[in-house]
Amino acid sequence: MTQPFDRRIKIAPSILAADFASFGAECEAIEAQGADWVHVDVMDGHFVPNITFGPAMCAAIRPHIRGVMDVHLMIAPVDPYIDAFAQAGADVITAHVEAGPHTHRTLQAIRAAGARAGIALNPGTPAAAVEPLLDLADLVCVMTVNPGFGGQKFIDQTAKIRALRAMIGDRPIHIEIDGGVDPATAPLVAQAGADVLVAGSAVFRGGSAAEPQAYGDNIRAIRAAAEGVYA
Ligand code: DX5
Ligand code: ZN
């Protein structure tokens, strides 16, 4: 889905924390409750120590998502799978800079496949690693946990976020934060310059696709905290 670029806060629930037996209904529920993007965590048991799902699952949930399907690839190699995720309907495809030696080529391939290109950095990777790649990127994802699992403790990366925000300047590149985002940590990353906040456990706790009101409360709480409104 094409949306004009903007830096307003966008909440992107990670379906890693959803009911795996009901992904379609879960995607519909979070969008109805105010989610801006739907974040899809793809893990291969090699780049990260966990396995989730692949392009076929993305294609299956695509009709249940009206907005942006944001696919976070925690896989290595990446390049052989880019076309499959693009054909599955991914709007944003994010690859890790640590996933291989040719991230420049990977970002070109993502755009050539018709998706927006994201580049993710693990907590141990400095901002400077992506500086030469920024003109090929539509999004930089700053991991605030070591990737692989939901529900981990937030790792402070605010200095890195500020450095990236300064590096990006006026370029239309989103800064996404992924890991341990909740109403307590959202203001830190928003003030540092982030605009896309991924949240798994902090969105899905307390609700279900059948009883989704808690999802809405959780999304509103994260958004209000990030926007500096303490209701
Ligand atoms: C971690 C994933 C995250 C994770 C976020 O490897 O990329 O998207 O699901 O989950 P929470 O918000 O629970 O830290
Ligand atoms: Zn993710």
Side-chain angles (χ1 to χ4, degrees), residues 9-20 23 26-27 30 33 35-55 57-58 61 65 68-76 78 81 85 90-99 110 115-125 137-157 161 174-190 194-207 214-215 217-223 225-226:
I9 294 293
K10 291 164 283 293
I11 309 297
S14 165
I15 59 167
L16 191 60
D19 175 1
F20 272 41
F23 279 132
E26 292 275 46
C27 290
I30 54 175
Q33 295 292 325
D36 298 289
W37 293 11
V38 177
H39 185 84
V40 183
D41 284 309
V42 175
M43 304 186 186
D44 67 351
H46 167 73
F47 179 68
V48 291
N50 193 7
I51 299 176
T52 55
F53 31 70
M57 203 290 286
C58 292
I61 63 172
I65 299 171
V68 171
M69 185 160 84
D70 175 35
V71 176
H72 178 192
L73 298 181
M74 287 161 275
I75 66 175
V78 179
Y81 303 101
F85 284 103
D91 297 289
V92 180
I93 298 178
T94 296
H96 271 259
V97 71
E98 306 86 1
I110 293 170
R116 281 181 272 166
I119 181 164
L121 299 87
N122 285 334
T125 304
D138 303 291
L139 175 149
V140 177
C141 174
V142 177
M143 295 304 302
T144 39
V145 296
N146 287 298
F149 302 95
Q152 301 183 82
K153 190 175 176 331
F154 178 82
I155 300 169
D156 190 345
Q157 299 281 288
I161 299 165
H174 298 288
I175 297 181
E176 177 176 74
I177 307 302
D178 191 1
V181 173
D182 62 19
T185 56
L188 303 173
V189 299
D195 64 296
V196 183
L197 307 188
V198 175
S201 33
V203 166
F204 285 93
R205 68 168 60 107
Y215 296 169
D217 293 343
N218 295 338
I219 289 169
R220 280 187 291 278
I222 298 167
R223 194 191 305 279

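This is a predicted model, so every value here is computed, not measured. All ligand and atom numbering here is 1-based and tracks the order in the structure.
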Enquirer: Kindly compute the distance separating CZ (Phe154) from OG1 (Thr144), expressed to the nearest 0.5 Å.
Expert: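 Between Phe154 CZ and Thr144 OG1, I get 5.0 Å after rounding to 0.5 Å.
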Enquirer: Can you tell whether the side chains of Lys10 and Asp195 come within less than 4.0 Å, N to carboxylate O?
Expert: yes
Enquirer: Answer whether the closest heavy-atom distance between the side chains of Met43 and Leu16 falls below 4.5 Å.
Expert: yes
Enquirer: Do Val198 and Val181 come close enough that some side-chain heavy atom pair is under 4.5 Å?
Expert: no
Enquirer: Between the side chains of His96 and Glu98, is a donor N or O closer than 3.5 angstrom to an acceptor N or O?
Expert: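 Glu98 and His96 do have a side-chain donor-acceptor pair below 3.5 Å.
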Enquirer: Will you find, in the side chains of Thr52 and Asp41, an N or O donor that is under 3.5 Å from an N or O acceptor?
Expert: no
Enquirer: When the ring planes of Phe204 and Tyr215 are compared, do they come out parallel, tilted or perpendicular, using 30° and 60° as the limits?
Expert: perpendicular
Enquirer: Which residues and atoms, counting only protein N, O or S, are under 2.8 Å from the Zn ion (ligand 2)?
Expert: His39 NE2, Asp41 OD1, His72 ND1, Asp178 OD2
Enquirer: Quick one: pull up CG in Asn218 and CD1 in Ile30 and give me the separation to the nearest 0.5 Å.
Expert: 11.5 Å
Enquirer: Return the minimal non-hydrogen interatomic distance between Asp44 and Ala76, and the atom names on each side.
Expert: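 Nearest pair, atom of Asp44 first, then Ala76: OD2-N, 2.9 Å.
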Enquirer: Could you pull out the N/O contacts under 3.5 angstrom between ligand 1 and the surrounding protein atoms?
Expert:
{"residue": "ligand 1", "atom": "6 (O)", "partner": "Gly148", "partner atom": "N", "Å": "2.8"}
{"residue": "ligand 1", "atom": "7 (O)", "partner": "Asp41", "partner atom": "OD1", "Å": "2.9"}
{"residue": "ligand 1", "atom": "7 (O)", "partner": "His72", "partner atom": "ND1", "Å": "3.3"}
{"residue": "ligand 1", "atom": "7 (O)", "partner": "Asp178", "partner atom": "OD2", "Å": "2.9"}
{"residue": "ligand 1", "atom": "8 (O)", "partner": "Asp41", "partner atom": "OD1", "Å": "3.2"}
{"residue": "ligand 1", "atom": "8 (O)", "partner": "Asp41", "partner atom": "OD2", "Å": "2.7"}
{"residue": "ligand 1", "atom": "8 (O)", "partner": "Asp178", "partner atom": "OD1", "Å": "2.6"}
{"residue": "ligand 1", "atom": "8 (O)", "partner": "Asp178", "partner atom": "OD2", "Å": "3.1"}
{"residue": "ligand 1", "atom": "9 (O)", "partner": "Ser14", "partner atom": "OG", "Å": "3.2"}
{"residue": "ligand 1", "atom": "9 (O)", "partner": "Asp41", "partner atom": "OD2", "Å": "3.1"}
{"residue": "ligand 1", "atom": "12 (O)", "partner": "Gly200", "partner atom": "N", "Å": "2.7"}
{"residue": "ligand 1", "atom": "13 (O)", "partner": "Gly151", "partner atom": "N", "Å": "2.8"}
{"residue": "ligand 1", "atom": "13 (O)", "partner": "Ser201", "partner atom": "N", "Å": "3.1"}
{"residue": "ligand 1", "atom": "13 (O)", "partner": "Ser201", "partner atom": "OG", "Å": "2.5"}
{"residue": "ligand 1", "atom": "14 (O)", "partner": "Gly180", "partner atom": "N", "Å": "2.8"}

